[in-house]
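Here is the structure we will look at.
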Protein chains: 2
Amino acid sequence: MARLPEYLRALHNLAETGHETVSSEGLANAAGVNSAKLRKDLSQLGSYGTRGVGYDVGLLIDQIEYVLGLTQRRAVALVGVGNLGHALAGYDGFASRGFRIAALFDADQERVGEEISGLVVRHVDELPRVAAEESIAIGVIATPAAAAQRVADQLVAVGVTSILNFAPCVLTVPEGVDVRKVDLAIELQILSFHEHRKASLTALPATGGSALTALSGGLAVSEGQEAIGT
Amino acid sequence: MARLPEYLRALHNLAETGHETVSSEGLANAAGVNSAKLRKDLSQLGSYGTRGVGYDVGLLIDQIEYVLGLTQRRAVALVGVGNLGHALAGYDGFASRGFRIAALFDADQERVGEEISGLVVRHVDELPRVAAEESIAIGVIATPAAAAQRVADQLVAVGVTSILNFAPCVLTVPEGVDVRKVDLAIELQILSFHEHRKASLTALPATGGSALTALSGGLAVSEGQEAIGT
DNA sequence: AGGCGCTTGTGAAGACGTGCACAAATCGCG
DNA sequence: CGCGATTTGTGCACGTCTTCACAAGCGCCT
């Protein structure tokens with residue numbers, strides 16, 4: 001599931017603070033989910049918990065890392081070293097969690113040759129040559145939307161089957177290629193929606209008839225992380 | 001729903017290319033979703049389509065922007081101008097889609113005073129004063145994980161009720177505060193999982209008995225955007 | 001005016017995820 | 001060795017989301 005990485009992060013935290021075992025309740029709190037859900041998720045991996053005790057932290061980390069395919073350090077190619085690409089190239093969270101940025105590309109000759117945190121930016125047309133040397137598993141697109149589809153095609157052409165897309169557009173890829181999209185503006189717009197909803201609710205606390213407030217009420221329950229705590 | 005912003009983006013694209021109306025089929029393709037799903041989503045807003053013709057692009061844009069609360073340009077406070085924060089501060093996708101970065105903060109005195117794309121970085125302790133001047137609607141946390149919870153508390157204290165968290169940790173906030181989390185490393189790990197799955201499937205195409213491959217098969221269907229096209 | 005093609009809006013069925021509640025299992029202690 | 005405390009693993013029910021399929025409605029052409 002998509003929650004496994006979150007569990008893994010929480011487990012690493014626990015391991016660093018010296019915990020040998022965790023109960024599902026404890027891990028669920030650390031990961032921000034329901035304990036029953038967590039148990040169900042972990043039971044899918046094969047049971048690695050001991051009743052009455054909990055889960056062995058180290059063993060569980062190994063298991064999840066194996067399932068996620070993190071036993072091998074995958075090489076990532078990053079295309080587009082603009083504002084965002086720059087930040088991604090320097091983001092140490094990638095290296096510390098099982099990935100290695102293997103190459104940087106851009107279409108702008110101005111940027112080719114620039115060195116960013118130890119890597120030299122190459123022209124995107126050199127992608128086939130570099131891919132032949134290194135086995136690129138994942139491509140990251142941090143270009144403007146207009147260039148994203150072309151870059152995706154180029155990545156697919158050199159054998160990349162997983163793409164992380166930061167450009168605000170939908171990509172068309174052949175079957176068997178996985179695309180995940182991260183759109184920063186969309187995240188803000190979703191928050192804006194909730195703001196708008198909250199403002200409407202406080203403004204008209206009693207009236208609940210309009211389509212808008214009905215919609216808002218229905219959507220409130222789909223919120224991911226809200227009001228955990230105190 | 002969380003899909004509305006995606007529809008909005010697609011609609012803006014269509015408007016720029018001169019389209020006056022769209023069919024649900026056309027818009028669904030542009031947004032990468034099923035057409036029935038799109039119709040159901042839009043019907044929740046109140047019916048703004050004409051049978052036999054389609055949806056009026058301009059009208060639909062206005063409607064969605066209203067529902068998302070984008071009629072007012074919301075002020076965003078960004079805390080943490082490290083690698084990622086720097087990029088976010090300069091990201092023009094925010095400004096072009098209804099948001100205004102109102103202030104930049106950091107806890108590091110080294111960074112305070114630095115100017116990034118027209119804004120001066122202030123110390124995070126000045127947050128209350130700035131919040132009193134400008135009505136901050138949304139806070140963005142781009143700090144290391146260790147500092148995130150403290151920053152979240154500070155944001156909540158000055159009245160922020162929506163937070164976008166880029167730090168790899170779960171935040172505890174009071175009821176009524178919405179938190180959305182974006183973790184770049186997790187996105188890569190999910191892709192890695194799919195890579196691992198694909199590799200396992202090609203390696204052992206016939207054997208389907210292990211818990212691992214069973215898990216993988218079940219997860220394949222939960223993929224968001226896969227194999228649109230050709 | 002009438003019919004035809006196209007598109008929306010929606011009812012119903014199915015798949016899916018979620019959470020409760022409890023049985024099974026393990027450890028520690030007397 | 002037995003008992004109680006604790007925790008996992010899971011059957012079951014519920015609500016939600018998704019998808020198909022089709023009736024209702026609209027415009028255009030004759």
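Chain letters run A, B, ... following the sequence lines, proteins first, then strands; residues in each count from 1.
- Against DNA chain D, the stretch residues 49-60 of chain A makes heavy-atom approaches under 4.0 Å through Gly49(A), Thr50(A), Arg51(A), Gly52(A), Val53(A), Gly54(A), Tyr55(A).
- Nearest to the side chain of Lys37(A), among dT7(D), dA21(D), dT18(C), sits dT18(C).
- Using a cutoff of 4.0 Å between basic side-chain nitrogens and carboxylate oxygens, Arg97(A) and Asp183(B) are scored as salt-bridged.
- Between Asn34(B) and the phosphate of dC17(D), there is no side-chain N or O to OP1/OP2 separation shorter than 4.0 Å.
- Atom OH in Tyr48(A) sits roughly 11 Å away from atom P in dG9(D) (whole-Å rounding).
- Inspection of the Tyr48(A) and Asp56(A) side chains reveals no N or O donor paired with an N or O acceptor under 3.5 Å.
- A distance-only check finds a donor-acceptor pair linking the side chain of Asn83(A) to the backbone of Gly90(B) [under 3.5 Å].
- Proximity note for Lys40(A) (side chain, C-beta onward) versus dG11(D), dT8(C), dC20(C): the nearest is dG11(D).
- Qualifying salt bridge (Lys or Arg N to Asp or Glu O under 4.0 Å) partners for Arg100(A), counting only residues two or more places apart in sequence or in other chains: Glu134(A).
- Sorted by first and then second residue, the side-chain hydrogen bond (donor to acceptor under 3.5 Å, both in side chains) pairs involving residues 135-151 of chain B (not counting sequence neighbours) are Gln149(B)-Asp153(B).
- Residue pairs that meet the salt bridge (Lys or Arg N to Asp or Glu O under 4.0 Å) test with at least one member in residues 7-20 of chain A, sequence neighbours left out, are Glu6(A)-Arg9(A).
- Expressed to the nearest 0.5 Å, how far NE2 of His19(A) lies from CG of Leu27(A) amounts to 11.0 Å.
- Comparing dT7(C), dT8(D), dA21(D) by their nearest atom to the side chain of Ser24(A) picks out dT8(D).
- For the helix from dA1(C)-dT30(D) to dG30(C)-dC1(D), the end axes, each set by the C1' atoms of five terminal pairs, are bent relative to each other by 0° (nearest 10°).
- Using a 4.0 Å heavy-atom criterion, one finds that Val22(B) contacts the sugar-phosphate atoms exclusively.
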Please report, to 0.1 Å, the donor-acceptor pairs under 3.5 Å made by any side chain of residues 154-162 of chain B, with sequence neighbours excluded.
unit_1, atom_1, unit_2, atom_2, d
Thr161(B), OG1, Glu195(A), OE1, 3.4
Thr161(B), OG1, Glu195(A), OE2, 2.4
Ser162(B), OG, Glu195(A), OE2, 2.7

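- The nucleotide whose nearest atom lies closest to any side-chain atom of Arg3(B) is, among dA21(C), dG9(D), dT18(D), dT18(D).
- Between Arg39(A) and dC20(C) there is no side-chain N or O to OP1 or OP2 distance below 4.0 Å.
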